[in-house]
Amino acid sequence: MASLFRDRTIGHSRRESFSSTASAAAAAIISSASSRFSVGGAAVSASAALSPLPSPFGDLTPTLTADDLRETAYEIFVAACRTSTGKALNYIPSSADGSQSPSHSLNSNSSSSPLLQRSITSTAASKMKKALGLRSSSISNSKRADGSPGSGGRPKKPMTVGELMRVQMRVSESVDSRIRRGLLRISASQVGRRIESTVLPLELLQQFKSSDFTDQAEYERWRKRNIKILEAGLLLHPHTPLDKSNAASRLRHIIQSTLEKPMETGRNNESMQILRKAVMDLASRSSGGSVMDSSHWADGFPLNLRLYEILLEAIFDVNDETSIIEEVDELMELIKKTWGILGLNQVLHNVCFAWVLFNRFVATGQGVNELLDAADGQLAEVAKDAKETKDPEYSKILSSTLTAILGWAEKRLLAYHETFDVRDIESMQTIVSIGVSAAKILVEDISNEYRRRRKGEVDVARSRIETYIRSSLRTAFAQMMEKADSNRRASRNQLNPLHVLVILAKDVGELATKEKEVFSPILKTWHPFAAGVAVATLHVCYGNELKQFVSGVTELTPDAVQVLRAADKLEKDLVQIAVEDSVDSDDGGKAIIREMPPFEAEGTIANLVRDWIKMRTDRLKEWVDRCLQQEVWNPRANEEGYAPSVIELLRTIDETLDAFFQLPIPMHPSLLPDLMAGLDRCLEYYVTKTKSGCGSRSTYIPTMPALTRCTVGTKFQNVWKKRDKSMNTQRRNSQVATMNGDSSNCGMPQLLVRINTLQKIRTELEVLEKRIITLLRNSESAHVDDIANGLGKKFEITPAACVEMIQQISEVMAYKVVFHDLSHVLWDSLYVGEPSSSRIEPFLQEIEQTLTITSNTVNERVRTRIIADIMKASFDGFLFVLLAGGPSRAFTKHDSQILEEDFTSLKDLFWANGDGLPTDIINKYSTTVRDVLPLYRTDTESLIERFRRLTLEAYGSSAKSRLPLPPTSGQWDPTEPNTLLRVLCHRNDEAATKFLKKTYNLPKKL
């Protein structure tokens, strides 16, 4: 074994008291001295009530009982307290009354055992208690002369330290007397021999026989105990490892035989001589095999540590297991004298003492924090030793001891929320200190792995605290999950019971607050960001549950909103704690925040709301399709003249808005634009579908007939008149057959209902926008800025779509009325044959009737627009007859007066003596007709000349040899060649017809 444990001088040279820095703990263990020294059932019962931890020093033979070890430890204590001079111990037992007689007193004048004979007279505070942070007892010595309180009589004689140790170790006076008598006999037979060279159990076996005992059973127990101690010390736990010699086998055989068959003890017994020879052969060996002046019978590990542990436990009052006796300084000085026999030294003492203090705290129910503080302080001494002492055996003992301490501490710290409450904070702080100290010694001073790393890479304290925080909070979270689930099941019959995660969010928030206020201030001693680590752990735990919940959410439900809102509030609270805790960190808390991946609760709510909006708007769009397929646009469906479907549509939108603002979400203003956009698209879809099937302006304008030239003279007029009328009728019927505007729900009344419906939407949009502002103002999450900025309150595309669709339907209706519904008075009759006999009056009558229906049906806000479109279509129809009326229409220069008069009548119809359209609108739309009509009173030669000039300008010099036929642009204008050409085609003039025949060879008929 290493020299550290072979050195017998250490135990004698190091007698110093504990350093005053042994512990920072400061609390009192004040013992009640009354009945302290009584030996009997009370003390034994109190001891039996202890529940210590298993010893970390290793297992002994199961045949050695606690009483066996205690009695052996006491024998070693008494033997070690002899003087080193080798003088005999004059044993004289004391009398019952404490007086000294020649045969029953300890000779106080003797030089033997001065420490054992020292009287207990001082009431000064113990130096060791001060060093351990313990207060001194103030019990009067007068109360304990015989171990019991004084009765008011004369004071009893003060007790000696030796007598105190006997009482503390629960050794009877008779046993104590026998031990002292045996030591006297040993001393007398071995004058000058040191106690370290004596095998005490062997020598005692030689000093006593069965006749020295009044009880044979007691003798047998005594004999077997000493034999078992020899077996434990020399064979089971030897100081020097056993070699292959026969000494060990011989002793093992002797011990086995002795235990099976009683052996008479005594000096002159032959069996004892055989035993002595075998014992001394092993006890006197050194590691090299040589014989030494020391007997290694009780200094093997773990026997020596277990015996020493028992001795150290004697400093605790037998009647108050949590109190250390006042005489601890004197007693500890005597206990340390056993180091020479047990092969111990100061560093091993420090380890054992730390363990004894800690184990006593555990064994007595963990109610006296002063014991824990003392153990913590003693660990500080152990930490110093560990840095200086690198002996492998010491490291092994230290490791097992600290592992036992750390295991106990961590069992509580890894679930400290379950272990401690506000009342236990003081003990928690010390347990954390002990756990961290033990871990640091194990890692920094024992672990080879730590030595291979740079110390800067490992912060043991911070790492352990972080482990405790995360483990305890995960455990607490799991328990809260179970509790919340249980509460949920219990409230299942209630109306709208809270979801587990809502309950859990509240509990987690309260736990985080408790952590911040109660536990983090303690843990912050070792970890600067303890609260941040705690809330980050809780954030991850709750986040995992939330993620699982969200993965199963497919639609917006009350449970989903409740959970997500609770999660959002919890996250804000946790992040706030983390930020506050990390305000002084180098990174401003970014590392902790990175451990907290966002719940994105608001984002999830927003996505669910957007899904809800999409579902609502999709359904609304499907409803629009179904409804408009069945809509007949009946003008008599209601007084206002709009479609019933629009009322249903607006009602559904109203309900959707109400439902949206009733959603228990915190972000109505931010999500309102999404809803508005969805409703806007639905309305725009309805508006667009309202126009569907109505056709366009081009649908109702007839195809331009081919160019022809007029037949001059009246001879052929009636013939052409009949033929052209027949051909025109056939062509018109052919055109109408291809029009899709002939449907029953696209007549003029139905088209007016469509326009009214669109106008109704335009009007109601303003109402809806005002109502949205009201709903927004009443929303729990709205702010003044949201309302002031009008966030999301406007419909963007529907108003423009309404305007566009009204314009298109109005135009379609106007051209349908003029070119389709009134074709019989416009295309078939107007100016067919003789212009003077087929003038515009019938057309004016029909138009006037149309205008009356329109005025009575359409909404007044769009009435002017529609009448203007009818007027524009009428002007275009008038021009179409003049310029593309076919060979049935021919005009002389003198007919221009008729045309101008008829056009004036047409304009007057819409002016209606000032009650109709404004003059500026009439003038605007009549410009083209007004510009073209003067061509009809221009002479033919001038028209031909102008046509040639404009054509040459348009086509250049290539048109000089042959004038090209200008295409029809449809944009009638007096400066446009095709317009001039069409005037010539309808000119009932020989010069015109010759020019057309010569230049283009135009036919006279279609």
Side-chain angles (χ1 to χ4, degrees), residues 1-16 18-19 22 55-60 76 80 196 232-234 236-243 283 285-290 292-309 311-312 335-358 375 378-407 437-453 455 460:
M1 185 176 293
S3 60
L4 174 67
F5 302 100
R6 293 198 303 267
D7 187 359
R8 301 296 181 175
T9 64
I10 295 177
H12 299 286
S13 61
R14 298 189 65 177
R15 306 288 175 87
E16 67 274 12
F18 280 28
S19 166
S55 175
F57 303 131
D59 295 328
L60 301 178
I76 292 173
E196 287 86 353
L234 296 172
L236 300 179
H237 310 288
H239 169 77
T240 304
L242 298 175
D243 53 23
R285 291 179 310 120
S286 68
S287 57
S290 61
M292 297 185 65
D293 189 23
S294 296
S295 295
H296 301 292
W297 64 274
D299 53 352
F301 299 102
L303 177 62
N304 56 349
L305 297 177
R306 292 294 304 280
L307 292 171
Y308 192 64
E309 181 183 2
L311 292 173
L312 289 177
I335 290 173
K336 287 184 178 182
K337 293 178 69 66
T338 64
W339 288 0
I341 297 175
L342 298 176
L344 303 179
N345 56 20
Q346 185 69 46
V347 295
L348 288 171
H349 163 83
N350 289 343
V351 173
C352 286
F353 193 41
W355 168 256
V356 168
L357 290 169
F358 175 78
Q378 189 62 25
L379 275 182
E381 294 297 310
V382 173
K384 296 176 186 176
D385 296 337
K387 295 186 183 303
E388 300 171 0
T389 308
K390 302 303 177 185
D391 186 277
E393 284 293 338
Y394 169 75
S395 296
K396 181 180 178 181
I397 294 166
L398 179 61
S399 177
S400 63
T401 305
L402 295 178
T403 299
I405 292 174
L406 183 61
S437 298
K440 288 185 70 173
I441 297 171
L442 284 169
V443 174
E444 295 179 2
D445 300 310
I446 298 176
S447 171
N448 292 325
E449 178 66 23
Y450 180 83
R451 293 192 187 103
R452 287 196 292 268
R453 299 184 182 184
K455 291 188 177 182
V460 177

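Atom set for the values below is all heavy atoms of this structure, side chains included, hydrogens, waters and symmetry mates excluded.
- Taking the side chain to side chain contact (heavy atoms under 4.5 Å, CB included) definition, one finds that Pro302 meets it with Phe57, Leu60, His237, sequence neighbours left out.
- Going from atom CG of Leu342 over to atom CG of Leu305 covers 8.5 Å, rounded to the nearest 0.5 Å.
- A 4.5 Å side-chain heavy-atom check between Phe353 and Glu309 finds every atom pair outside the cut-off.
- Residues Ser55 and Arg306 come closest through the heavy atom pair OG-CD, 3.2 Å.
- When all heavy atoms of Tyr394 and Asp385 are compared, the pair lying nearest together is OH-CB, 3.4 Å.
- Take Ser399 and apply the side chain to side chain contact (heavy atoms under 4.5 Å, CB included) test, not counting sequence neighbours, and it matches Thr403, Leu442, Ile446.
- Taking the six-membered ring for Trp and the full ring otherwise, the centers of Phe301 and His239 sit at least 6.0 Å from each other.
- Salt bridge present: Glu381 and Lys384 bring a charged side-chain N and a carboxylate O closer than 4.0 Å.
- Summarising the geometry, atom NZ belonging to Lys337 is positioned 14.5 Å from atom CD1 belonging to Ile76; distances are rounded to the nearest 0.5 Å.
- With sequence neighbours excluded, the residues satisfying side chain to side chain contact (heavy atoms under 4.5 Å, CB included) with Ala404 are Pro56, Trp355.
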> Step by step, would you call Leu234 with His296 a side-chain contact (heavy atoms from CB on, under 4.5 Å)?
Replying inline: CA-CA 8 Å; Leu234 296 172; His296 301 292; 5.8 Å; no
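- In terms of heavy-atom proximity, Val382 sits nearest to Asn350 at CG2-O, 3.6 Å.
- Rounding to the nearest 0.5 Å places CG of Leu236 at 11.5 Å from CG of Asp59.
- Rounding to the nearest 0.5 Å gives a distance of 11.5 Å between CG of Asp391 and CG of Leu398.
- With rounding to the nearest 0.5 Å, the separation of SG in Cys352 from CG in Asn304 is 8.0 Å.
- Contact check for Lys336 versus His349: side-chain heavy atoms found under the 4.5 Å cut-off.
- Of all non-hydrogen atoms in Glu196 and Ile341, the two that sit nearest each other are CG-N, 4.1 Å.
- Interatomic distance, CD1 of Ile441 versus OG of Ser395, reported as 11.5 Å (0.5 Å rounding).
- Thr389 contributes no side-chain N or O that, together with a main-chain N or O of Ala386, makes up a donor-acceptor pair within less than 3.5 Å.
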>> Test side-chain contact (heavy atoms from CB on, under 4.5 Å) on Phe358 and Leu379; report intermediate values, then the result.
In response: CA-CA 10 Å; Phe358 175 78; Leu379 275 182; over 6 Å; no
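- Across all non-hydrogen atoms, the minimal contact from Ile397 to Leu348 is CD1-CD2, 3.9 Å.
- Annotation for Leu307 and Ala298: closest pair CD1-CB, 4.5 Å, computed over non-hydrogen atoms.
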